[in-house]
Amino acid sequence: MDKLEKHVKETLRKIKIKKNKRILVALSGGKDSAVTAYLLKKFRYNIQGFHINLGMGKYSEECLEKIKELCRLLKIKLHVYDVKKEMGSSMCYIRTGIQSRAKGQIKNCAICGVIKKWIINKQARKLKADFIATGHNLDDEAQTFLINIFKGSPKLSVNLGPISQGEIDKKFIPRIKPLFYAPEKEIKKYSLEKELPIEYKGCPCAMDSYRIQVRKFLNTLSDKKKKNIIENFEKILPRIKVNDSGVKYCEICGEPSRGRICKRCQLIKM
Ligand code: AMP
Ligand code: ZN
């Protein structure tokens, strides 16, 4: 078996996902989520595709085309949502508004990430999914863990890990990351070998300079060292305590939230 396939099989075994569970794979058009869908299908999991069209011109159109092709190839159903329909305007428009009010303090990817998560959870619940699978890989997770430490907020890392932790709530669909232990290099190689339809151009709006800096630093390390970072994180995860009183429902939109108002509604209100 291929090294990457072994990594993913081990991860799925570790998080104990049964084959009859309904998994929605969040597809961006990029290699990580495409490989996630490909491998889950190969291992005979019950999957469907899910995509949010961010309305970012040609880039979004190309992503959607690749995703449609991938889902045809894998013979899986695809659900497409439009950010304009869900939020009232395109991602660029939403971001510009929030950033001008927040005086540029909030990064593009942070805004987009919060909004995507909100839409995915809400719609996945309507589709009666048991899990949402994303394409986050070892490199992404090691970066996020280090960024949280550098920013002095290690508690934010409580959301990392191959399966979402914390309160079980009927309105919250647990998220899984089958590529959690898989290095980015291996995923790219695999996606090229399998000739999967993929948009290899990155998002034109991804300008999170801090993450780029941490990625550059991590890329000076071997995959083994990146894995050590993740394994150390897993050792301390049970000791990270979050001061919250469980899941609440956002007073504005009714979606599950750690605080009175969810992150999406906090951004919109800004
Ligand atoms: P990102 O936040 O762009 O780093 O993406 C992380 C993961 O979120 C990807 O691997 C996908 O699983 C998912 N994702 C990103 N963009 C989209 C999108 N437009 N629609 C659905 N899922 C997405
Ligand atoms: Zn809300």
Side-chain angles (χ1 to χ4, degrees), residues 4-15 17 23-41 43 45 47 49-52 54 63 67 70 107-121 124 129 131-149 154 156-166 172-191 196 198-200 202-203 206 208 210-212 214-215 218-219 221 223 226-234 237 240 263:
L4 176 69
E5 294 180 359
K6 240 191 242 163
H7 270 137
V8 173
K9 241 192 173 154
E10 269 168 33
T11 309
L12 293 166
R13 199 174 302 131
K14 189 166 169 181
I15 59 180
I17 308 294
I23 305 177
L24 269 189
V25 186
L27 297 166
S28 64
K31 64 180 184 328
D32 304 299
S33 49
V35 168
T36 303
Y38 180 86
L39 287 175
L40 284 171
K41 179 74 183 180
F43 299 149
Y45 284 87
I47 65 164
F50 183 105
H51 175 63
I52 304 168
L54 301 171
C63 287
I67 291 169
L70 178 78
K107 302 260 167 58
N108 284 357
C109 302
I111 297 172
C112 190
V114 165
I115 290 175
K116 279 189 294 201
K117 264 191 199 164
W118 183 85
I119 299 175
I120 295 180
N121 188 68
F131 295 100
I132 296 163
T134 62
H136 292 95
N137 61 36
L138 176 76
D139 292 62
D140 297 326
E141 299 294 290
Q143 284 160 23
T144 307
F145 179 54
L146 285 190
I147 289 172
N148 291 341
I149 289 183
L156 291 177
S157 295
V158 80
N159 293 325
L160 298 183
I163 182 160
S164 49
Q165 307 284 320
F172 179 76
I173 311 298
R175 288 188 294 266
I176 59 170
K177 297 170 187 164
L179 302 181
F180 187 79
Y181 300 103
E184 183 164 12
K185 267 185 252 147
E186 267 178 35
I187 300 165
K188 182 153 188 202
K189 189 167 151 260
Y190 190 86
S191 73
L196 298 178
I198 284 167
E199 178 53 65
Y200 282 99
C203 171
D208 183 343
Y210 200 53
R211 184 172 286 271
I212 293 169
V214 174
R215 182 186 299 140
L218 274 173
N219 283 344
L221 308 179
D223 286 343
K226 289 179 196 168
K227 194 153 186 223
N228 284 346
I229 295 176
I230 282 302
E231 283 171 352
N232 277 306
F233 151 71
E234 287 190 294
L237 181 63
I240 302 179
K263 284 190 193 154

- Contact check, side chains of V8 and Y181, non-hydrogen atoms, under 4.5 Å: no
- Message: Would you call the rings of Y38 and Y190 parallel, tilted or perpendicular, taking 30° and 60° as the class edges?
- Response: perpendicular
- Taking atom CG of D139 and atom NZ of K227, what is their separation to the nearest 0.5 Å? 13.0 Å
- If you round to the nearest 0.5 Å, how far is CZ of F233 from CG of L146? 11.5 Å
- Message: Would you say that K116 contacts S28 through its side chain, given a criterion of any heavy-atom pair below 4.5 Å between the two side chains?
- Response: no
- Task: Given side chain to side chain donor-acceptor pair (under 3.5 Å), test Y210 with K107 step by step and report yes or no.
- Result: CA-CA 10 Å; Y210 200 53; K107 302 260 167 58; over 6 Å; no
- Beyond-backbone contact of I47 with L24, side-chain heavy atoms, under 4.5 angstrom: no
- Message: Can you confirm whether Q143 sits close enough to L218 that some side-chain heavy atom of one is under 4.5 Å from a side-chain heavy atom of the other?
- Response: yes
- Message: Just verifying a value: how many Å separate S191 OG and D32 CG, rounded to the nearest 0.5 Å?
- Response: 8.5 Å
- Message: Using side-chain heavy atoms (C-beta onward) and a distance below 4.5 Å, is I120 in contact with F50?
- Response: yes
- Query: How far does CG of L237 sit from CG of L160, to the nearest 0.5 angstrom?
  - Reply: 8.0 Å
- What is the distance from atom CD1 of I163 to atom OG1 of T11, rounded to the nearest 0.5 Å? 11.5 Å
- Can you name the closest pair of heavy atoms from L27 and S33 and give their distance? CD2-O, 3.5 Å
- Query: Checking H7 side chain against A182 main chain: does a donor-acceptor pair fall under 3.5 Å?
  - Reply: no
- Is there a side-chain contact between S157 and T144, using heavy atoms and a 4.5 Å cut-off? no
- Query: Between E5 and L39, what is the shortest heavy-atom contact and its length?
  - Reply: CG-CD2, 3.7 Å
- Task: Taking all non-hydrogen atoms of both residues into account, name the closest pair between L40 and A133 and its distance.
- Result: CD1-CB, 4.0 Å
- Message: Checking L179 against L138 for the side-chain contact (heavy atoms from CB on, under 4.5 Å) test, could you report, in this order, the C-alpha distance in whole Å, the side-chain angles of both residues, the deciding distance, and whether it holds?
- Response: CA-CA 7 Å; L179 302 181; L138 176 76; over 6 Å; no
- Item | Non-hydrogen atoms of P178 and T36 that approach each other most closely | CG-CG2, 3.7 Å
- Minimal non-hydrogen separation, A37 against L70, with atom names: CB-CD2, 4.4 Å
- Message: Give me the atom names and distance for the closest heavy-atom approach of I230 to E141.
- Response: CD1-CB, 3.6 Å
- Between the side chain of N121 and the main-chain N/O of K117, is any donor-acceptor distance below 3.5 Å? no
- Task: Considering only NZ, NE, NH1 and NH2 on the basic side and carboxylate oxygens on the acidic side, decide whether E184 and K226 come within less than 4.0 Å.
- Result: no
- Given K14 and F180, is the side-chain contact (heavy atoms from CB on, under 4.5 Å) satisfied, shown in steps? CA-CA 11 Å; K14 189 166 169 181; F180 187 79; over 6 Å; no
- Examine distances only and state if a side-chain atom of D140 and a backbone atom of N137 form a donor-acceptor pair shorter than 3.5 Å. yes
- Task: Mark yes when over 12 heavy atoms from residues, nucleotides or ligands other than K41 sit less than 6.0 Å from its NZ; otherwise mark no.
- Result: yes
- Would you indicate whether the side-chain heavy atoms of K185 and K189 approach each other to under 4.5 Å? no
- Going through the distances and angles, do T134 and I176 end up as a side-chain contact (heavy atoms from CB on, under 4.5 Å)? CA-CA 6 Å; T134 62; I176 59 170; over 6 Å; no
- Message: K31 vs L196, test: side-chain contact (heavy atoms from CB on, under 4.5 Å). Steps then yes/no.
- Response: CA-CA 8 Å; K31 64 180 184 328; L196 298 178; over 6 Å; no
- Residue pair I147 / R211, side-chain heavy-atom distance below 4.5 Å: yes
